[in-house]
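In what follows, a single structure is set out as structure tokens and then discussed.
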Amino acid sequence: MISAFDLFKIGIGPSSSHTVGPMVAARTFRERTRHLPGLARIRAEIFGSLAWTGRGHGTDVAIVLGLLGHSPAEIDPDRVDAYVAEVTRTARLGLGGPAFEPETDLVFNFTEVLPVHTNGMRFRALDGHGAVLDTVTCYSIGGGFVVGEDETPSDEAVEFPLPYASAADLLATCLRTGFSIAQVQRANEGASRSREAIDEGLDAIRDAMFACIDRGLRQTGELPGGLKVRRRAKKLFEDLEANRHLNARPAHEIMDWISLFALAVNEENAAGGRVVTAPTNGAAGIVPAVLRYARDFCPGWSDERGREFLLVAAAIGGLIKSRASISGAEVGCQGEVGSAAAMAAAGLASLLGGSTLQIENAAEIAMEHHLGMTCDPIGGLVQIPCIERNAFGANKAVVAASLALRGDGIHRVSLDEVIETMRQTGHDMQAKYKETSLGGLAVNVAAC
């Protein structure tokens, strides 16, 4: 089982696989080698998708920050530029630290793809003569998860009381125990945390999501990176607020609110602000947008119902990650936005009182109608089509939940079947459509 606290990570933008993961990997290498006798220099090399879209996704910045010892959850986004500038100026990783010149010691390898995953990294520790003291190869596999050459993400030390390996298993467990999906997920979370710690952690995730929305609603100007993409959330928010007093408003205005919440998050993400992987940064706006919609517009909201939403979303996201992938570099955007929409749809269906069958149906509908979605960011930036795509994903999640709740939960295509279809589709998808910026919009729209 994948914990909600592994799936939802508080960090910074713009990418969980290309920013959060590399920062974690670099920091881990720093801790491994910081007391190594004779250490004089550190070098890093990135491969595949990390190399092709690394500058647009902030991979180079993330590695510098990680080698300085910063973590995604604690770094102050407003200090990032100053930290990187200091390393560039001194060519060192902090006072008394090893040498590191970003222009020469960070290599973008555009020709080689490592065997385990396209998001490969290799770190080397060198002595004063250039001899290698230590080498680590690792992979950022999506959602901020990092594994070594022979590792898979696991939690084998924890014995879960209600394990499940598929959506069918999960539904059977609910039927056998009488538990809801949220209760099953909470029971498994309880194997390593107290109830109070679970509640505090879920509340912190919710608060970080809502804080990201609120900050995004206040910001103006162009997003970094050169595409000259202007922030729209603040203006849209002001327009919607100005229309609140009108008696005659189109019913579809609620879709604008949902879109607004998603735009606010993903504009923050594109600017390198603090976001929550849900399950990735590129799709970070969907779960918060639907959760905020539930709080602001749906009956029956409470803090506990919000926690149930996140627990159910985590259960669905964990299934998708373990049975397929949440990495755009591995399966395209269907694995990011599609997964997030499935998670949000399931969470909303649960919050609105859906049965376990209706919740599973909501997740299936949302994922099914993202199948085949490519990941082709213009200029390697998490902006076009990523920001608007989150708005559409959030609205589709609400539609999926609504359709499922209008039915009895009996449906022809199961969640397990659609997850497997997504995995196969991602496997068959050409690499140029998987977060490389070598195909699709990325080559048909000028990045200037």
Could you tell me whether [X] and [Y] have a side-chain N and a carboxylate O separated by less than 4.0 Å?
{"X": "E31", "Y": "R27", "result": "no"}
{"X": "R41", "Y": "D105", "result": "yes"}
{"X": "E189", "Y": "R186", "result": "no"}
{"X": "E368", "Y": "K396", "result": "no"}
{"X": "K235", "Y": "D239", "result": "yes"}
{"X": "D303", "Y": "R295", "result": "no"}

Quick check for you: to the nearest 0.5 Å, what is the distance between [X] atom [atom1] and [Y] atom [atom2]?
{"X": "L260", "Y": "R292", "atom1": "CG", "atom2": "CZ", "answer": "9.0 Å"}
{"X": "L311", "Y": "I181", "atom1": "CG", "atom2": "CD1", "answer": "11.0 Å"}
{"X": "I205", "Y": "F5", "atom1": "CD1", "atom2": "CZ", "answer": "5.0 Å"}
{"X": "D127", "Y": "L36", "atom1": "CG", "atom2": "CG", "answer": "9.5 Å"}
{"X": "K321", "Y": "D6", "atom1": "NZ", "atom2": "CG", "answer": "9.5 Å"}

### Message
If only side-chain N and O atoms count, and only distance matters, is there a donor-acceptor pair under 3.5 Å linking E435 with H57?
### Response
yes

### Query
Does a side chain donor of either R231 or T220 reach within less than 3.5 Å of an acceptor in the other side chain?
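On atom types as modelled, these side chains do not qualify, holding no pair under 3.5 Å.
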
Report all side-chain donor-acceptor pairs from residues 343-351 shorter than 3.5 Å, counting only partners two or more places apart or in another chain.
none

### Query
With a distance cut-off below 6.0 Å to the six-membered ring centre and an angular limit of 45° from the axis, does R32 pair with F29 as a cation-pi contact?
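No; the conditions do not both hold, so R32 does not lie above the ring face of F29.
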
### Query
Honestly, is R92 close enough over F100, meaning NZ or CZ under 6.0 Å from the six-membered ring centre and within 45° of the axis?
no

### Task
I would like to know whether V445 and I384 meet side chain to side chain contact (heavy atoms under 4.5 Å, CB included); could you show each step before the answer?
CA-CA 10 Å; V445 178; I384 304 173; over 6 Å; no

So, [X] side chain and [Y] main chain: donor-acceptor pair closer than 3.5 Å or not?
{"X": "S402", "Y": "V398", "result": "no"}
{"X": "T53", "Y": "G380", "result": "no"}
{"X": "Q334", "Y": "L371", "result": "no"}
{"X": "S325", "Y": "R423", "result": "no"}
{"X": "D376", "Y": "S437", "result": "no"}

### Query
So, do W257 and F297 have ring centers that fall under 6.0 Å from each other?
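Yes, the ring of W257 comes within the 6.0 Å limit of the ring of F297, centre to centre.
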
### Message
Show, in sequence, the C-alpha distance, side-chain angles and deciding distance for W52 and V113, and conclude whether the side chain to side chain contact (heavy atoms under 4.5 Å, CB included) test is met.
### Response
CA-CA 11 Å; W52 293 321; V113 177; 4.0 Å; yes

### Message
Quick one, R43 with E101, criterion salt bridge (Lys or Arg N to Asp or Glu O under 4.0 Å). Give me CA distance, side-chain angles, the key distance, then yes/no.
### Response
CA-CA 9 Å; R43 285 199 175 130; E101 298 181 59; over 6 Å; no

### Message
Checking side-chain contact (heavy atoms from CB on, under 4.5 Å) between L106 and each of T59, I42, I63, which is the one that passes?
### Response
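Only one of T59, I42, I63 forms a side-chain contact (heavy atoms from CB on, under 4.5 Å) with L106, namely I63.
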
### Task
Report the relative orientation of the aromatic rings in F110 and F108; use parallel for angles under 30°, tilted for 30 to 60°, perpendicular for over 60°.
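Parallel: the ring planes of F110 and F108 meet at under 30°.
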
### Task
Please lay out, stage by stage, how E330 and T118 fare under the test side-chain hydrogen bond (donor to acceptor under 3.5 Å, both in side chains).
CA-CA 7 Å; E330 194 169 20; T118 183; over 6 Å; no

### Task
For side-chain hydrogen bond (donor to acceptor under 3.5 Å, both in side chains), just list the numbers for H18 and S140, CA-CA rounded to whole Å, side-chain angles, deciding distance to a tenth of an Å, and then say yes or no.
CA-CA 7 Å; H18 289 54; S140 179; over 6 Å; no

